[in-house]
Amino acid sequence: MTHSAKVSILTAEPRPIAACRADFPGLAQEINGEPLVYLDSAASSQAPNVVIDAVADYQRHDHANVHRGVHTLSHRATDLYEGARDAVQEFIGAGSRTEIVFTRGTTEAINLVAQSYCRPKLDAGDKILITHLEHHSNIVPWQMLCKQTGAELVVAPIEQTGQVDTRQLIELMDDRVRIVAVAHVSNALGSILPLEEIIQAAHHRDIPVLVDGAQAVPHLSIDVRTLDADFYAFSGHKMFAPTGIGILYAKEALLETMPPYQGGGDMILEVRFDGTTYNELPYKFEAGTPNISGAIGLGAAIHYLNSVGLDEIAAHENRLLAYLTRSLEGIDDIRLIGTADNKASVQSFLLGDIHPHDIGTILDHQGVAIRTGHHCAMPVMDFYGIPGTARASLALYNNEDDIDRLIAALAKTKEIFA
Amino acid sequence: MTHSAKVSILTAEPRPIAACRADFPGLAQEINGEPLVYLDSAASSQAPNVVIDAVADYQRHDHANVHRGVHTLSHRATDLYEGARDAVQEFIGAGSRTEIVFTRGTTEAINLVAQSYCRPKLDAGDKILITHLEHHSNIVPWQMLCKQTGAELVVAPIEQTGQVDTRQLIELMDDRVRIVAVAHVSNALGSILPLEEIIQAAHHRDIPVLVDGAQAVPHLSIDVRTLDADFYAFSGHKMFAPTGIGILYAKEALLETMPPYQGGGDMILEVRFDGTTYNELPYKFEAGTPNISGAIGLGAAIHYLNSVGLDEIAAHENRLLAYLTRSLEGIDDIRLIGTADNKASVQSFLLGDIHPHDIGTILDHQGVAIRTGHHCAMPVMDFYGIPGTARASLALYNNEDDIDRLIAALAKTKEIFA
Amino acid sequence: MKDKDTSKADELRELYRELILDHARSPRHFGKLTDATHSAEGINPLCGDKLKLYFRILENGQIDAACFEGSGCAISVASASLLTDTVIGMNTSDALDFFAVVVSRLRGDVDANNGKRAAIDLGKIRALEGVKEFPSRVKCASLAWHALNSAIHQDSQAVSTE
Amino acid sequence: MKDKDTSKADELRELYRELILDHARSPRHFGKLTDATHSAEGINPLCGDKLKLYFRILENGQIDAACFEGSGCAISVASASLLTDTVIGMNTSDALDFFAVVVSRLRGDVDANNGKRAAIDLGKIRALEGVKEFPSRVKCASLAWHALNSAIHQDSQAVSTE
Ligand SMILES: Cc1ncc(COP(=O)(O)O)c(C=O)c1O
Ligand SMILES: Cc1ncc(COP(=O)(O)O)c(C=O)c1O
């Protein structure tokens with residue numbers, strides 16, 4: 001396998017983090033005449049050359065459909081695809097490769113759990129417990145499910161800092177709650193939720209927990225078995241892999257009990273008009289031709305992350321986040337949104353009464369890419385009574401210069417609106 | 001946009017079909033010491049350089065999340081993604097871009113229709129009408145739906161040639177039938193179904209028709225409005241685009257009535273805990289970050305197909321299919337499976353009593369990649385009372401040499417089993 | 001570098017002209033019209049703009065009063081403010097012509113309107129034309145206009161610019 | 001070129017040895033065992049192999065009779081045929097050892113079995129070892145063996161090699 005050969009070279013020489021920026025071709029360009037400062041990785045990260053090349057190499061030399069062919073290319077494609085599954089398993093510490101289901105992303109993973117795990121067992125009056133800081137992807141699937149079943153969506157409150165009120169969350173875990181679905185890291189606020197405590201409390205009451213790990217995976221090192229999460233969902237495109245690929249981790253015992261989510265090729269052992277036998281785990285949950293190149297890209301991204309070192313990445317980002325927050329606090333009229341003690345890689349803010357969208361435009365004009373708006377977390381905006389925020393988010397390739405450029409561009413913004 | 005600039009160069013100079021083979025890097029390799037002969041495009045096609053490059057270029061220079069950002073990269077990514085939607089709309093002759101929903105593939109598109117369109121309106125005793133030649137992806141979603149709703153799956157018979165018995169299919173359209181779901185082209189048999197007749201008959205009885213176009217799109221030119229299909233599903237990876245992207249075309253009037261399939265980011269206008277407003281078409285059906293690079297690859301593949309010319313492709317493939325069939329018929333002990341009058345690009349066969357899997361291995365050993373087995377169409381195999389077939393399938397890049405190599409490798413197979 | 005910087009700065013100044021900033025800071029006709037005959041909501045999910053426009057339209061088609069409320073970026077608020085200023089006193093068919101011209105000019109298709117519409121003078125609405133260099137802001141500038149259009153046509157659904 | 005062709009042809013001849021072809025053409029113990037005490041099904045969805053194995057196992061653990069039916073490629077049928085030939089007369093614990101050794105040898109991990117198992121002589125089962133050069137066929141060769149294992153353990157589910 002060309003691909004794993006390449007990877008082992010990488011793993012052999014750990015890369016200093018400052019050198020990593022050069023691995024990302026997307027960062028080496030001018031936007032509006034200025035070198036790009038990319039502070040929007042929480043929306044989607046840039047991909048390193050090794051990922052882009054792994055995908056292109058696969059398409060050039062190894063592509064065929066998986067699982068179905070006796071010929072060499074099909075075999076190669078299957079090995080690469082299944083190799084990516086192994087990489088994911090190891091990356092998040094899952095007990096078995098059968099617990100790793102490829103999906104389009106976090107959103108699909110959560111929908112899968114809502115429809116396959118929850119829907120068949122919900123009665124009217126049952127409850128789904130989430131928090132007020134969730135991304136729409138961890139709200140809307142549950143709202144749809146409630147509509148379908150008569151279940152009730154219960155929302156645990158958050159504090160002014162943007163941290164979940166854990167005590168209240170736990171108090172809400174009564175015997176009608178059928179699942180607790182919480183973010184690992186809030187995409188709008190950066191808060192890291194106290195998952196161990198939450199999961200322990202839920203398990204104490206025999207309630208399974210789904211963790212939306214979309215914002216956690218590129219920044220923290222995850223061990224689903226230590227966390228004891230029942231379901232853990234995340235997206236490739238936020239961890240330097242391509243779009244269109246993501247993961248649902250689920251405990252085997254739970255997957256076993258779930259009917260398939262979609263029907264089609266690959267997820268069956270035998271199809272008869274008088275009865276069809278489903279395939280083994282995890283294939284039962286992967287109907288149709290999967291996103292093979294996406295999975296291979298995800299595998300390459302994991303190897304890349306490992307080669308840099310998850311601890312180094314976390315340390316670098318924490319330093320940088322502290323510098324970002326300090327620098328923003330130095331600006332008059334700034335209001336930080338999301339000030340929990342325990343945070344990762346994201347800072348939302350407001351500047352005077354300038355609308356975030358206007359900040360975004362002026363920053364973009366200076367080559368600085370941030371996200372503005374509700375960040376798919378409208379309830380968080382409602383909580384603070386604001387229409388949206390400006391949000392700078394960090395990844396391993398950012399540095400202090402990026403932040404200095406952001407601060408300068410914010411000064412320019414104030415000037416225009418003075 | 002780099003991408004469309006490139007494309008217009010291509011469209012300017014139509015390419016002679018024989019030159020196209022060189023556009024596909026996957027074909028220029030040795031397998032088991034022999035130049036590859038790829039006769040497995042019905043499972044998944046190889047991608048041309050323009051597609052591979054469009055994806056890599058996008059990832060290198062234009063990637064960000066779509067629909068959500070004010071900054072330049074996000075805007076560029078959105079334009080490219082939505083540009084691909086426009087390309088698809090034009091390619092299949094849809095009336096509006098709102099009718100083009102990006103999915104993972106055909107399988108997901110069919111599941112979407114089963115769950116969002118059919119499930120809410122089905123009562124026990126209602127019927128879903130399919131045919132005996134469907135791919136598992138156009139069987140299992142309906143079986144699952146029947147289990148969920150108490151509806152009944154009705155299967156129209158096929159004839160010995162592998163053509164659907166249209167008369168009986170039409171007779172089965174009674175007033176309990178809620179949808180007719182049929183392939184455009186059978187992947188196991190190559191039969192082209194008489195869609196106009198089927199759709200007319202169904203519409204006469206006010207029954208909507210879903211067409212599984214997975215095998216049609218790379219070979220025939222499609223006009224969904226002329227066909228008057230209500231739903232038309234297909235996959236990118238069978239038409240020279242990457243895996244992980246596909247299309248559901250649906251008439252706007254139908255999409256309007258359907259609840260969303262998955263919930264999450266992008267498919268909402270407004271999220272409140274006391275009620276969420278869904279986004280407009282087609283976004284209501286695209287929850288979460290989509291497969292942006294896949295869509296861009298699909299757009300590039302469409303431009304490539306257009307540059308070669310769909311009529312030229314069909315003519316080339318028809319010539320080649322005739323040559324393939326003739327050549328196979330020249331072998332003693334061959335039995336052709338799938339001999340309908342109207343066929344596209346696929347020929348299944350058996351050789352004496354040699355198991356297809358053994359044929360596949362020996363052919364692969366000669367560098368010839370074919371598919372063997374049930375081709376995700378077990379009921380077809382049951383119909384013929386066989387465990388599977390060997391199947392050679394064609395695409396625009398194949399030529400007569402490929403077929404001669406196949407025939408020689410089959411001779412070798414007979415020798416070993418003599 | 002000087003030149004580049006100047007022309008870049010000019011683009012921003014074009015977008016955020018004094019007139020725009022003034023209307024954004026002190027929007028005219030801001031509030032709810034209690035006796036509105038027509039109204040419509042405009043939502044731009046991208047930046048969270050959410051405006052509600054109210055009109056009192058007389059039997060004879062004249063727009064007698066116009067108001068708006070909600071929140072949005074400087075461009076969308078200024079645009080709504082300018083809109084209310086402009087359409088009060090117009091009759092609905094002129095307002096619809098105006099809508100068509102504004103929306104196409106903002107997009108940059110100058111040729112899209114011919115005949116009568118070509119002659120329409122946008123007046124101070126021209127201050128919005130700075131968005132042409134900022135494609136992602138065209139939606140902000142045209143949001144209120146789409147709401148006007150749908151209010152006149154009495155569409156009940158919220159308009160979205162997505 | 002000669003050399004390459006010869007060694008390539010050798011690989012195929014290794015896979016499709018006379019013994020394999022013979023067992024594939026005329027499988028031994030083919031049919032249903034009406035008084036089976038143990039049985040299991042093996043399915044290989046990739047190529048459509050579907051075999052059902054039947055065993056009569058005595059109180060003392062001896063495998064008294066073995067049969068199989070179904071259809072499959074030459075490799076899987078020959079493997080099942082060789083299996084029945086081999087395990088008749090064995091006791092179940094020896095058969096399970098045999099299963100472990102066969103499956104690991106077919107995969108090519110020669111070191112996987114130590115101690116007692118290292119000493120096991122596969123006898124004519126060695127004819128299956130040609131699959132080592134054909135990774136996609138390892139599943140065919142081991143299908144019947146997995147079914148044997150699950151029959152002895154009385155697992156009711158079909159075994160699949162996917
Ligand atoms: C006729 C037909 N329908 C449906 C499918 C499923 O397509 P996909 O696996 O891309 O979802 C295929 C291909 O596998 C096919 O040939
Ligand atoms: C916390 C969180 N959850 C879920 C999602 C949805 O991920 P995706 O759009 O990749 O499905 C995101 C990102 O958009 C996110 O930040």
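Side chains of C:His38 and C:Gln154: a donor-acceptor N/O pair is present below 3.5 angstrom, by distance only. At a cut-off of 3.5 Å, with distance as the only test, a side-chain donor of A:Thr106 or A:Ser235 sits close to an acceptor on the other residue. Residues C:Tyr54 and C:Glu69 bring a donor and an acceptor atom of their side chains to less than 3.5 Å of each other.
The pair A:Asp353-C:Arg25 fails the salt-bridge criterion, with no side-chain N (NZ, NE, NH1 or NH2) lying under 4.0 Å from an Asp/Glu carboxylate O. Salt-bridge formation is detected for the pair A:Asp40/A:Arg391: a Lys NZ or Arg NE/NH1/NH2 atom is positioned less than 4.0 Å from an Asp or Glu carboxylate oxygen.
Listed for the C:Gln62 side chain is a donor-acceptor partner under 3.5 Å among the backbone atoms of C:Gly89.
For a residue to count as touching a neighbouring chain, one of its non-hydrogen atoms must lie under 4.5 Å from one of that chain's; by this rule C:Ile75 touches chain A with backbone and side chain alike. Only the backbone of A:Ala418 comes within contact range of chain C, with heavy atoms under 4.5 Å apart.
Of the listed residues (C:Leu21, C:Asp49, C:Leu15), the greatest number of heavy-atom pairs within a distance under 4.5 Å of chain A belongs to C:Leu21. Your options are A:Met381, A:Met378, A:His355, A:Lys412, and the one with the most heavy-atom pairs under 4.5 Å with chain C is A:His355. Interface summary for chain A: among C:Glu133, C:Arg137, C:Lys50, the most heavy-atom pairs under 4.5 angstrom belong to C:Arg137.
With rounding to the nearest 0.5 Å, the separation of OG in C:Ser71 from CD1 in A:Ile386 is 10.5 Å.
Contacts with chain C (heavy atom to heavy atom, under 4.5 Å) involve these residues of residues 362-376 of chain A, listed by number: A:Ile362, A:His365, A:Gln366, A:Thr372, A:Gly373, A:His374.
For the residue pair A:Leu328 and A:Gln347, the shortest heavy atom distance occurs at CD1-CG, 3.6 Å.
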